[in-house]
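For this chain, numbers begin at 1 and follow the sequence in order. For clarity, every value in this text was computed on a predicted model and none was experimentally measured.
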Amino acid sequence: MSSHYKSNLRDIEFNLFEVLGRGEVYGTGEYAEMDVDTAKSILAEVERLAVEDLAPSLIDSDRNPPIYHPETFSATLPESFKRSYKQFMDAEWWRLGLPTELGGTPTPRTLRWSVAELVLGANPAIWMYTSGADFATVLWNLGTEEQRKVAARMVEGQWGSTMVLTEPDAGSDVGAGRTKAVQQADGTWHIEGVKRFITSGEHDLSDNIIHLVLARPEGAGPGTKGLSLFIVPKFDFDWDSGELGERNGAFVTNVEHKMGLKASTTCEVAFGQHGTPAKGWLVGEVHDGIAQMFTIIEFARMMVGTKAISTLSTGYLNALEYAKQRVQGADLTTPGKDAPRVTITHHPEVRRSLMTQKAYVEGMRALVLYTASFQDTIEVARAAGEPDKHAERMNDLLLPIVKGYGSEKSYEQLAQALQILGGSGFLQDYPHEQYIRDAKIDSLYEGTTAIQSLDLFFRKIVKDGGVAINALNEEITKFLATAPGGEELANERALLATAQGEVGAMLKAMLDKAGESLSDPKQLYVVAQNTVRFLFALGDVVVSWLLLRQAAVAQAALAGGAAERDVPFYTGKVAAAKFFARTVLPLLAAQRAIVEATDNSLMDVPEEAF
């Protein structure tokens, strides 16, 4: 079967090496063996693997999804998907970024997320099932010396892994979870309860699955602070040899029937409910569950944003290919029944839609890699034993934008990509209808968009004292002050400066209301009506700034006599940055007006009136 996946390796490398200067990091320090040439060869090889071996099973595994067998509490995946998964695991690119003690290769995060984009765009569930190695790294970093053996067995056995938070009644309110942990005489714990929406909770891709479970020890306090994190294997095993033993009492009791992303099993898991205790070990022998789990949650949020954006990328490129070939209608300027028919790229509305998609996806790819560049800095600083607080704060600030803005704008623009195909887009002959179904989950899991926006405002801005958001603003202001792109981009720089002011005014209005809430708690309702609006507005400003950074680099390349094959690429960069600034940024004035005019009349509407 041919590949649906259209990659954009040229743009990934442009961001890494022409805009973000990653060549200064690659090949140095702990990344000595990962120089630019090595990184480019890895990207080329992963791209080939993604297009030829991973992508073909995406559609078959949607049409023939995993099957749950209640009599054995097991699930089997389609053979085509298992083949693709094996090809990815055999290639061993999942080792990039693992600790060397676990057989990994030190790899900058920017390169790792670039590799992730290629896999997630081709067949996202494959990347998600490979989480065992990443979760092993978490255990390696947080576990006791003895528990590091578990991490080693996970990598050696290529075992699956899960993050187990959500419960049927608690939902996003993780602190309301009732799953309990009862300590045993031998130091282990018995986990009792039911968890829901557990990704990769059951499958036949590996011999064992290690569940990382949040549960409340007997006698612990309420809320998230009372939660602890436990290692709960599907099969007990010898920690030294890895040899599997008895079945542990963690049984998957349902696999959800979903709108999309069907190859990824989403499971209900019952712990200690079917006659067998669910034996677990306290991670690190410390009761610090929510903080420990957040190291995984933050990684997952970055993954979700990258997944959404990579799906939009292939959706846009598929729509572009279709538009270049689809002949329909006459040019608007030459009407008449005898006028020559043209490809639909000649029609203004099609062009408007395609350029909007291009600007969003290329701006959001830059957002992912810009965020990852701070992760590079964090890792280099940690290796040197001198944590970089600025980089940590910037990464924290940008994560809800990557996840919340990235997932929502990708879903919105995927609908526009489908629209380019007209009625054909509604058919399963093209991948767009599946892209849309597969991408909808991205705005829902690992914290809905509303939760991301509350996190952005209350934790990443208010709790941070505005340090990171001010630093981001300063970076944009400094960029504008140097007048990059000269006269050609003067109008767009002015639009960005104005938009930056609009978002600053939105933030001020919200901070004022947050301040008033100290004496009038209901003012928090006013703030919370606008946090999603603010998230989107800030995302637009950051994306426009990154697009203009790209445009300035592209302009310089064109002026310097770029190779003929690169001229269209660089020309498109300048066009996308201009278009986004002119068509998206002016809308922020209206958003500011809405924020400043918000009151609590919405909250006063009786529920029966909805």
Side-chain angles (χ1 to χ4, degrees), residues 305 356 359-360 363-364 366-368 370-371 374 393-409 412 449-481 484 489 491-515 523-524 526-551 577-598:
T356 304
Y360 269 110
M364 293 193 299
L367 169 66
V368 166
Y370 173 65
T371 304
F374 287 109
R393 281 178 136 128
M394 294 300 286
N395 181 54
D396 285 347
L397 176 74
L398 292 164
L399 272 176
I401 309 177
V402 170
K403 197 283 183 190
Y405 179 89
S407 64
E408 291 282 6
K409 295 300 177 182
E412 173 188 291
T449 308
I451 289 171
Q452 301 299 324
S453 73
L454 292 169
D455 175 60
L456 173 68
F457 181 79
F458 287 108
R459 294 187 65 222
K460 308 304 173 57
I461 295 177
V462 174
K463 193 177 175 189
D464 182 53
V467 175
I469 189 83
N470 288 338
L472 178 64
N473 264 317
E474 280 172 30
E475 205 171 335
I476 296 172
T477 302
K478 275 185 203 164
F479 168 82
L480 291 169
L489 294 180
N491 178 42
E492 289 71 28
R493 289 196 307 275
L495 287 164
L496 177 57
T498 300
Q500 188 184 13
E502 306 290 7
V503 172
M506 291 167 72
L507 180 57
K508 181 183 182 305
M510 293 166 70
L511 288 170
D512 286 348
K513 291 294 180 185
Q523 293 306 313
L524 285 176
V526 177
V527 176
Q529 288 177 62
N530 285 310
T531 52
V532 170
R533 194 184 307 282
F534 175 75
L535 168 69
F536 291 168
L538 181 58
D540 283 341
V541 165
V542 173
V543 160
S544 184
W545 166 56
L546 293 170
L547 286 171
L548 285 168
R549 280 181 65 175
Q550 294 185 42
K578 286 182 169 184
F579 186 81
F580 192 91
R582 291 175 181 182
T583 61
V584 174
L585 295 185
L587 298 170
L588 297 186
Q591 300 290 0
R592 170 190 178 171
I594 292 168
V595 170
E596 291 180 339
T598 303

Working to the nearest 0.5 Å, report the span between [atom1] of [X] and [atom2] of [Y].
X: Leu495; Y: Phe580; atom1: CG; atom2: CZ; answer: 11.5 Å
X: Met364; Y: Leu546; atom1: CE; atom2: CG; answer: 12.0 Å
X: Thr449; Y: Lys403; atom1: OG1; atom2: NZ; answer: 5.5 Å
X: Gln523; Y: Lys513; atom1: CD; atom2: NZ; answer: 4.5 Å
X: Tyr360; Y: Phe579; atom1: OH; atom2: CZ; answer: 10.0 Å
X: Ile401; Y: Gln452; atom1: CD1; atom2: CD; answer: 10.5 Å

- Go through the steps to decide whether Gln529 and Thr598 satisfy the test side chain to side chain donor-acceptor pair (under 3.5 Å), and finish with yes or no. CA-CA 8 Å; Gln529 288 177 62; Thr598 303; 5.3 Å; no
With heavy-atom distances below 4.5 Å as the criterion, would you say the side chains of Leu588 and Leu585 are in contact? yes
Tell me, please, which residues at least two apart from [X] pass side chain to side chain donor-acceptor pair (under 3.5 Å).
X: Glu596; answer: Arg592
X: Thr356; answer: none
X: Thr477; answer: Gln500

Anything under 3.5 Å between a donor and an acceptor, one on a side chain of residues 505-512, the other on a protein residue two or more places apart or in another chain? List them.
unit_1	atom_1	unit_2	atom_2	d
Lys508	NZ	Asp512	OD2	2.9

Does Glu475 come within less than 4.0 Å of Lys478, counting only side-chain N to carboxylate O? no
Validation: residues 532-544 side-chain donor-acceptor distances under 3.5 Å, sequence neighbours left out:
unit_1	atom_1	unit_2	atom_2	d
Arg533	NE	Asn530	OD1	3.1
Arg533	NH1	Gln591	OE1	2.8
Asp540	OD1	Tyr405	OH	2.6

- Message: Between Leu472 and Trp545, does the side-chain contact (heavy atoms from CB on, under 4.5 Å) criterion hold? Intermediate values first, please.
- Response: CA-CA 11 Å; Leu472 178 64; Trp545 166 56; 4.1 Å; yes
Tightest non-hydrogen contact, residues Ala471 and Met394, listed as CB-SD, 4.0 Å
N/O donor-acceptor pairs under 3.5 Å from side chains in residues 455-468, not counting sequence neighbours:
unit_1	atom_1	unit_2	atom_2	d
Asp455	OD1	Arg459	NH1	3.0
Asp455	OD2	Lys460	NZ	2.8
Lys460	NZ	Asp396	O	3.1
Asp464	OD1	Arg393	NE	2.5
Asp464	OD1	Arg393	NH2	3.3
Asp464	OD2	Val467	N	3.2
Asp464	OD2	Ala468	N	2.7

